[in-house]
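Step one of this worksheet: look at the structure below.
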Amino acid sequence: MSKRLAGKKIVLGLTGGVACYKIAELTRALGKAGANVQVVMTQAATQFITPVTMQALSGNTVYLDQWDARVANNMPHIDLSRDADLIVIAPCSTDFIFKLAHGACDDLLSTLCVARPASVPLLVAPAMNVEMWQNPATQRNVAQLKSDGIQVLGPAAGDQACGETGMGRMLEADQLLAEIIASIEPKTLAGKRLLITAGPTFEPIDPVRGITNLSSGKMGYAIAQAAWEAGADVTLISGPTALEAPYGFSRIQVQTAQQMYDAVMVQLSSNHSDVFIGVAAVADWHVANASDQKIKKTCDTDRPQLQFALNPDILANVAALPVAPYCVGFAAESENLLQYGTAKRLKKNVPLLVGNIGHATFGKDENELVLFDANGHTHLPRADKQTLARQLIAEIAARIQ
Ligand code: C5P
């Protein structure tokens, strides 16, 4: 997420709600991501968090009042909305949703939303009691916001400050940050469905032991995230990793190569996929004589005899389907990347293969990629995995247009 919002000016509007406490964290995160945050609060918001806190966290004077004499022309609704890259209202109360739906202008925040140029995106994060959210009047107003091109973030379901449970919880600060970052990315994969594998696989030897590899899943998760940011509908099939469940798309967790193969085939047969990206470091072999019980060391000379059987090659099988998605493979090599990458693309029969050096990527936050296609190869120089993931997604989007 580092500096993804560099140079962006975000007007962050707070309305009344307990969820204001989450906005302290969001403001810091936006600042860390490089954004210049201009906070505007309604009177109700000041009941929940103070302008002093918001000024300290954003590093900018907080605006509360339409008649603020500090603004030279005394038109804060115009000044604040003109140089904004986007406006985010979080938390957005039931009442403020009503006001936005009807174009009300009875305080600074609602007036600047109405006064914003059409080119300035408006994102709102509803936060309210479950009954207030489900109320038909609220739902009518939310539908109106969506049809007016206002992006509605969440809400989520769960425990509420009032003690009730249900829809209406505001998204968490890190989820709002992900949505804000995604909102500025070009939607090069809008309407496309992507299936992505990530992480290592784990092949059991017995109930407590197994064979795996050093893949952390970071590259695959970063690619899935970049695809989601580009507007794709993403399903991630992941081997065992320490990574948190992603926000915005579904993750199916598996252990073995066979389970990963089965999960991929179920997904492909139940949903049309436009692109398949095999990032997972799939074990080539599984233990054919895995034991149901823990294998005991009976004496120093008694060694277990493991027999290996070949796993299905997921990528090659997907590429061989009668109606195959656009297939992207990965190759982790230890040397001769150009030679092996070119050969592997032809062997797997995929239009695009991404090569990297295994020991230079497994578990690391940075990587370096070489893309092999029918025209030769292209180098994506060393960078953090999120940056490389976005570059790769842009390359894939350009190829499937
Ligand atoms: O043959 P190799 O393992 O080097 O190929 C790597 C590529 O093939 C990766 O895209 C990986 O996800 C995929 N693969 C697979 N099923 C296997 C082995 C590799 O999908 N059994």
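Counting convention: from 1, in listed order, for ligands and their atoms alike. Residue numbers start at 1 and run along the sequence shown.
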Aromatic plane relationship, Phe372 with His377 - under 30° parallel, 30 to 60° tilted, over 60° perpendicular: tilted

For ligand 1, is there an N or O atom under 3.5 Å from any N or O atom of Glu333? no

What class does the angle between the rings of Phe308 and Trp285 fall in, given that below 30° is parallel, 30 to 60° is tilted and above 60° is perpendicular? perpendicular

Can you report which non-hydrogen protein atom sits closest to atom 4 (O) of ligand 1, along with the distance? Lys344 NZ, 2.3 Å

Nearest non-hydrogen protein atom to atom 6 (C) of ligand 1, with distance, is Phe330 O, 2.9 Å

For Ile314, the ligand 1 atoms whose distance to one of its heavy atoms is below 4.0 Å: 15 (C), 16 (N), 17 (C), 20 (O)

So for Ala257 against ligand 1, with non-hydrogen atoms under 4.0 Å, the contacting part is neither

Ion pair check, Asp365 and Lys218, cut-off under 4.0 Å: yes

Non-hydrogen atoms of Lys347 versus ligand 1: any pair closer than 4.0 Å? no

Of all the atoms in ligand 1, which lie at a distance below 4.0 Å from a heavy atom belonging to Gly329? 10 (O)

Just by distance, with hydrogens left out, do His379 and Glu368 show a side-chain donor and acceptor under 3.5 Å apart? yes

Of all the heavy atoms in Ala280, does at least one lie under 4.0 Å from an atom in ligand 1? yes

Ignoring hydrogens and geometry, is there a side-chain-to-backbone donor-acceptor pair from Arg345 to Thr342 under 3.5 Å? no

Would Arg70 count as a cation-pi partner of Tyr63, with NZ or CZ less than 6.0 Å from the six-membered ring centre and within 45° of the ring normal? yes

Starting from atom 19 (C) of ligand 1, locate the nearest protein heavy atom and write down its residue, its atom name and how far away it is, to 0.1 Å. Lys348 NZ, 3.8 Å

Give the residue, atom name and distance (to 0.1 Å) of the protein heavy atom nearest atom 20 (O) of ligand 1. Leu315 N, 2.8 Å

Rounded distance [0.5 Å steps], CZ in Arg382 versus CG in Asn356: 10.0 Å

Considering non-hydrogen atoms of the protein only, which is the closest contact for atom 10 (O) of ligand 1, and what is the distance? Gly278 O, 2.5 Å

Test item, Pro312 contacting ligand 1 (heavy atom, 4.0 angstrom): yes

State, yes or no, whether a side-chain contact exists between Ser250 and Thr235 at a heavy-atom distance under 4.5 Å. yes

Donor-acceptor pair between Asp262 and Gln258 side chains, under 3.5 angstrom: yes

re atom 3 (O) of ligand 1, the protein heavy-atom contact at minimum distance is Asp284 OD1, 4.0 Å

